[in-house]
Amino acid sequence: MRPLIGWYVHHHGRGHVTRLLAVLPHLDADVVCFSSLPRPDALPQHCTWVRLDRDDEVPEGGPRPDESDPTADGLLHWAPLGHVGHRARLATIAETLARRRIDTMVVDVSAEVVLLARLLGVATVVIAQPGRRDDPPHTLAFRAASRIIAPWPAGLLDLDHLRPVQDKVVHTGGISRFEGRDRPRPGSERSGVLLLGGAGGSAVSVEAIEAAARASGRRWASLGAGAGSVWADDPWDALCRAEVVVSWAGQNAVADLAAVGAKAVVVPQERPFEEQATTALALQRAGLAIVPDGWPDPDEWPGLVDRAATLEPDWDRWQVVGAARRAAAVIEAVAADAPSGGDR
């Protein structure tokens, strides 16, 4: 019988669902996905999608969830008291885990879902995030996990909070949806600057982006940030044709830069637990990208873009090739070792 895998997908931005879709083709298992996000069109046939209630909306006539002791005095990250959506989403996960007798639960990311699954006797695979995550909820979730996938290369991004559980950690390298993608047919040389904005939010204003573009002396195109920008579900061609890519420092963005071999200026955005700042520092130390301290002033952009254009980054060090397959192998191994729950 094929293993049955559960997979929790956090709803912030598009990075978590993008990573799911990159790994799914390599999984020899049936998969039940849980998320507040709508079902993605590209979901493979061997997967089903369970839509969860939101746990961060303010109920009509009720208190704000962030004012309802959501951390349980620091023990958890998010469990607001009396929130109907929060209660319903966890109940849906618990009911499905019990009814479908899921072998293993992949969690990307939620300390509470890790603990819920483990309390129900389901082995968990936690997908780790960079940053400083030595707080009690993260520590508890990492200890409860059967395995921890770190989607970056060992040695370039070593985190202190994973050292106590290092026997569980598997560094897969950066997981990119573009691994192995053929480049567009040659038609023109690389030219211009591509600003690759993410869906997770940014403190950089449209005015700051426009000022940078004017000052740089180069043609800019913008995907996901800035005036006149558009959202591209598949920015591969634009990435391949850009002379320099300006990007935030999210895990998927960095893996995509590695997949294309980009010459890049990486500007980390403010995220919980210093996630992007930690990643950007690792890129800077490895000589893989130009990393300014915050969004630069307009007069700094010509020099930054010139420096990035002369980089010869060894993106092979980010180990994108085979990363999604390595992540799938970890998940399959945990499912194979999980005690049988009986017939489904």
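Computed over heavy atoms, backbone and side chain alike; hydrogens, waters and symmetry mates excluded.
Of the possible polar contacts, one joining the K168 side chain to the F142 backbone as a donor-acceptor pair under 3.5 Å is found. One N or O on the side chain of R51 and one on the backbone of S36 form a donor-acceptor pair closer than 3.5 Å.
Across R271, Q284, Q251, a single residue satisfies side chain to side chain donor-acceptor pair (under 3.5 Å) together with T279, and that is Q251.
Ring geometry, H161 versus H138: the interplanar angle falls from 30° to 60°, so the pair is classed tilted. Using cut-offs of 30° and 60° for the angle between ring planes, the W301 and W220 rings count as perpendicular. The aromatic rings of Y8 and H10 sit perpendicular, their planes meeting at an angle over 60°, well past the 30° parallel limit.
Salt-bridge annotation for R325 and E179: absent, with no side-chain N of the basic residue lying under 4.0 Å from a carboxylate O of the acidic one. Here E275 pairs with R133 in a salt bridge; the nearest charged N to carboxylate O distance falls below 4.0 Å.
Remark: the H86 side chain and the D53 side chain contain no N/O donor-acceptor pair separated by less than 3.5 Å. Between the side chains of D30 and H46, no donor-acceptor pair of N or O atoms lies under 3.5 Å. With hydrogens and angles left out, the side-chain atoms of T18 and N252 include no donor and acceptor closer than 3.5 Å.
Here D306 pairs with R218 under the side-chain contact (heavy atoms from CB on, under 4.5 Å) rule; sequence neighbours left out.
L37 belongs to a hydrophobic cluster whose remaining members, ordered by chain and number, are I5, W7, V9, V17, L20, L21, V23, L24, L27, V31, L43, W49, V106, V125, I127, I149, V170, I175, V330, I331, V334; membership requires side-chain heavy atoms of ILVMFWY residues under 4.5 Å apart, directly or through intermediates.
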